[in-house]
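Scroll down for the structure; my scribbles are underneath it.
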Amino acid sequence: MLREDGVMPTGTTLSALLTVSGGDAASACRGFFRQVHAHAVRLGLCSNAFVGSALVRAYQRCGDADAMFGVFEEIDEPDVVCWNVMIDACARSRRAWRAVEMLSRMCRGGGVADRFTLVSILKACSRGHDLGLGMQLHAWAWKIGSESETATCNALITMYLKCGGGVHSAANVFDGISEPNIISWTAMIAGLVQNGLAMEAAGFYKHMVRVGEKENDFCLTSVLSAFSNLASLEHGKMVHCRAVKSGFCFDTILGNAILDMYFKCGSSADAQFVFGAMQAHDVVSWTAMVVGYGRHGEARKAVECFRAMVDGGFKPDSITFLAVLSACSRGGIVDEGLNIFRCMAEDHGIKPDREHCACLVHLLGHAGRLNEAETLIRKMELQLDSFAWESLLSACGIHGEVELGKRSAGKVMELEPWKDGPYVLLSNMCAEQCQWREKETLRGRLDYSNVRKDAALSWFPVSEAN
DNA sequence: ATAGGGTTAG
């Protein structure tokens, strides 16, 4: 409209345009942001601090890091707000340490960091798991007198709980907040769950409800992960009810957490119901369904779900593929699994990593297609990793394939000589095939090398990973 | 006129 009337937009107009069209689907706004950027270039407004910082924020929101750094460098004299916007954008990006680099550039240039800068650097610190830096930042908070300020404390709590600084330090910060808000409570609950303290997190939530703090969708998502970890269907259902009552249940992220909770608490029917009732799905929703069915041994349903997802135009990512492959592997659906593995690179452009390959080796191995499994490992150049070879070795044990078993065991011994597994598995295989002399040789090698078979403890809980 | 804290999938 402005352009049609012959009126020239100013910097104010442009920065307003960039901030108005924000919200959730910022990646869809990329084209629009570029148009505004082009106008700014034409009008010579890129050096303007307001336009520049709005452009940085816009490109950060749609995930275009290159453009983000590009527009920042065009700003003439970045003020503290420009630096803060840029530092925060870095902290949210995949390369969080860039935030710290930016901070030092800012200080070298004579800029003075403030409490907004501090919060962003804390965020970067949490993502980088740097407790040492985090504690220095805590000291800095005291220095500038924001040690009991809510936003600063919230960021400090997250930092302590994500960087392994101990629950006690986080709780201390929480107790020192003059006015804790819902974010403070959520930071504690989420952090406790992440530290394996789901019971404490649940207790914290109860306490929060008792003091009358009003929960929101973010908070309920964290609470759900606590009850999922506790496999407490009853409490999970209660949270689901609260989400429905408060109208939060239309949120996709919360819906994902609810259906995940139902799977983890053993009710795939409820999970399916929630999935059906959700207003919108994303990749996470679909992946959670595939994962859930797979865990419940419903491999067919997992595959159907995967197919429906692709047909519906959703783009599966590497986690989705791992989920569907592992469902096939557990359910013994060999050819379907092979097909999906093939289309992963060919149709979806996702390069299989070691876990995908290990999954497929397991799938082929257990179906007795041992040579195909060996070919796969060699083709994928996974020699540097013994994981796939171990999987093949155990399949050889099941199918009595001594020769291939020896080759696989040899690979494991070569790559990770400290492991006792291959010696034990192989010697048992030789015993079953009555190759007694080989068995004794192997046992002898086990004794001479530094490898010792761990003593078996019949009462010791065996973890799934072994 | 531009800025802050918390969330989901193996």
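Letters A, B, ... mirror the listed sequences (proteins, then strands); counts begin at 1.
- Centre separation under 5.5 Å together with a plane angle under 30° does not hold for the ring of A:Trp185 and the six-membered base ring of B:dG6, so they are not marked as stacked.
- A straight line from CD of A:Gln279 to P of B:dT8 spans 22 Å, rounded to a whole angstrom.
- Listed nucleotides B:dG10, B:dT2, B:dA9 differ in distance to A:Val284; the shortest reach to its side chain belongs to B:dA9.
- For the ring-ring contact (aromatic ring centres under 6.0 Å, His included) condition, the pairs that include at least one residue of residues 80-132 of chain A, sequence neighbours left out, are A:Phe72-A:Trp83.
- Rounded to whole angstrom, the span from the CZ atom of A:Arg127 across to the C1' atom of B:dG6 amounts to 14 Å.
- For DNA chain B, the neighbouring residues in residues 202-223 of chain A, judged by any heavy atom under 4.0 Å, are A:Asn216, A:Phe218, A:Thr221, A:Ser222.
- Looking at residues two or more places apart in sequence or on another chain, you find a side-chain contact (heavy atoms from CB on, under 4.5 Å) between A:Ala243 and A:Leu220, A:Cys249, A:Leu254, A:Ile258.
- Against DNA chain B, the stretch residues 298-327 of chain A makes heavy-atom approaches under 4.0 Å through A:Asp317, A:Ile319, A:Leu322.
- In this structure, the side chain of A:His362 does not engage the main chain of A:Cys357 through any donor-acceptor pair within 3.5 Å.
- Looking at A:Arg295, A:Arg300, A:Lys301 one by one, the single match for salt bridge (Lys or Arg N to Asp or Glu O under 4.0 Å) with A:Glu298 turns out to be A:Lys301.
- In this structure, A:Asn84 reaches the bases: a heavy-atom distance under 4.0 Å links it to at least one base atom across the strands shown.
- For the segment residues 157-166 of chain A, the set of residues with a heavy atom within less than 4.0 Å of an atom of DNA chain B comprises A:Thr158, A:Lys162, in numerical order.
- Relative to the side chain of A:Lys264, the nucleotides B:dA1, B:dG10, B:dA3 differ in distance, and B:dG10 lies closest.
- For B:dG4, one of the phosphate oxygens OP1 or OP2 lies less than 4.0 angstrom from a side-chain nitrogen or oxygen of A:Arg92.
- For A:Leu259 and B:dT7, the CG to C1' distance is 14 Å, given to the nearest whole Å.
- Atom C1' of nucleotide B:dA3 and atom CZ of A:Phe72 are separated by 14 Å, given to the nearest angstrom.
- Pairs engaging residues 241-250 of chain A under the side-chain hydrogen bond (donor to acceptor under 3.5 Å, both in side chains) rule: A:Tyr205-A:Arg242, A:Glu215-A:Arg242 [sequence neighbours left out].
- In this structure, the CD1 atom of A:Ile258 is 14 Å from the P atom of B:dT8, given to the nearest Å.
- Residue A:Val291 is classed as a sugar-phosphate contact, given heavy-atom separations below 4.0 Å to backbone atoms only.
- Residue pairs meeting the side-chain hydrogen bond (donor to acceptor under 3.5 Å, both in side chains) criterion with at least one partner in residues 109-121 of chain A, sequence neighbours excluded, are A:Asn84-A:Asp114, A:Asn84-A:Thr117, A:Asp88-A:Ser120, A:Asp114-A:Thr117, A:Arg115-A:Glu149.
- Summarising the geometry, the separation between CG on A:Asp114 and P on B:dG4 is reported as 12 Å, rounded to the nearest angstrom.
- Taking the ring-ring contact (aromatic ring centres under 6.0 Å, His included) definition, one finds that A:Phe341 meets it with nothing, sequence neighbours left out.
- Here the side chain of A:Ala288 is nearest to one of B:dA9, B:dG4, B:dT7, namely B:dA9.
- Nearest to the side chain of A:Asp88, among B:dG4, B:dT8, B:dT2, sits B:dG4.
- For A:His281 and A:Phe275, the distance between ring centers is under 6.0 angstrom.
- Every side-chain contact (heavy atoms from CB on, under 4.5 Å) that A:His138 has, sequence neighbours left out, goes to A:Trp142, A:Leu156, A:Tyr160, A:Val173.
- A:Asn339 pairs by the side-chain contact (heavy atoms from CB on, under 4.5 Å) definition with A:Arg342, not counting sequence neighbours.
- Listed by first then second residue, pairs satisfying ring-ring contact (aromatic ring centres under 6.0 Å, His included) with a partner in residues 181-203 of chain A read A:Phe174-A:Trp185, A:Trp185-A:Phe204, A:Trp185-A:His207, not counting sequence neighbours.
- Nearest nucleotide to the A:Val119 side chain, out of B:dG10, B:dG4, B:dA3: B:dG4.
- Taking side-chain N and O atoms only, A:Arg57 has a distance below 4.0 Å to OP1 or OP2 of B:dG4.
- What separates CZ of A:Arg330 from C1' of B:dG10 is a distance of 10 Å, to the nearest Å.
- Judged as a side-chain contact (heavy atoms from CB on, under 4.5 Å), and not counting sequence neighbours, the contacts of A:Ala67 are A:Tyr59, A:Asp64.
- We find that CG of A:Asn229 is positioned 14 Å from C1' of B:dT7, with the value rounded to whole Å.
- Proximity note for A:Gln194 (side chain, C-beta onward) versus B:dA3, B:dT7, B:dA9: the nearest is B:dT7.
- A:Ile333 and A:Leu363 get closest at one heavy-atom pair: O-CD1, 3.8 Å.
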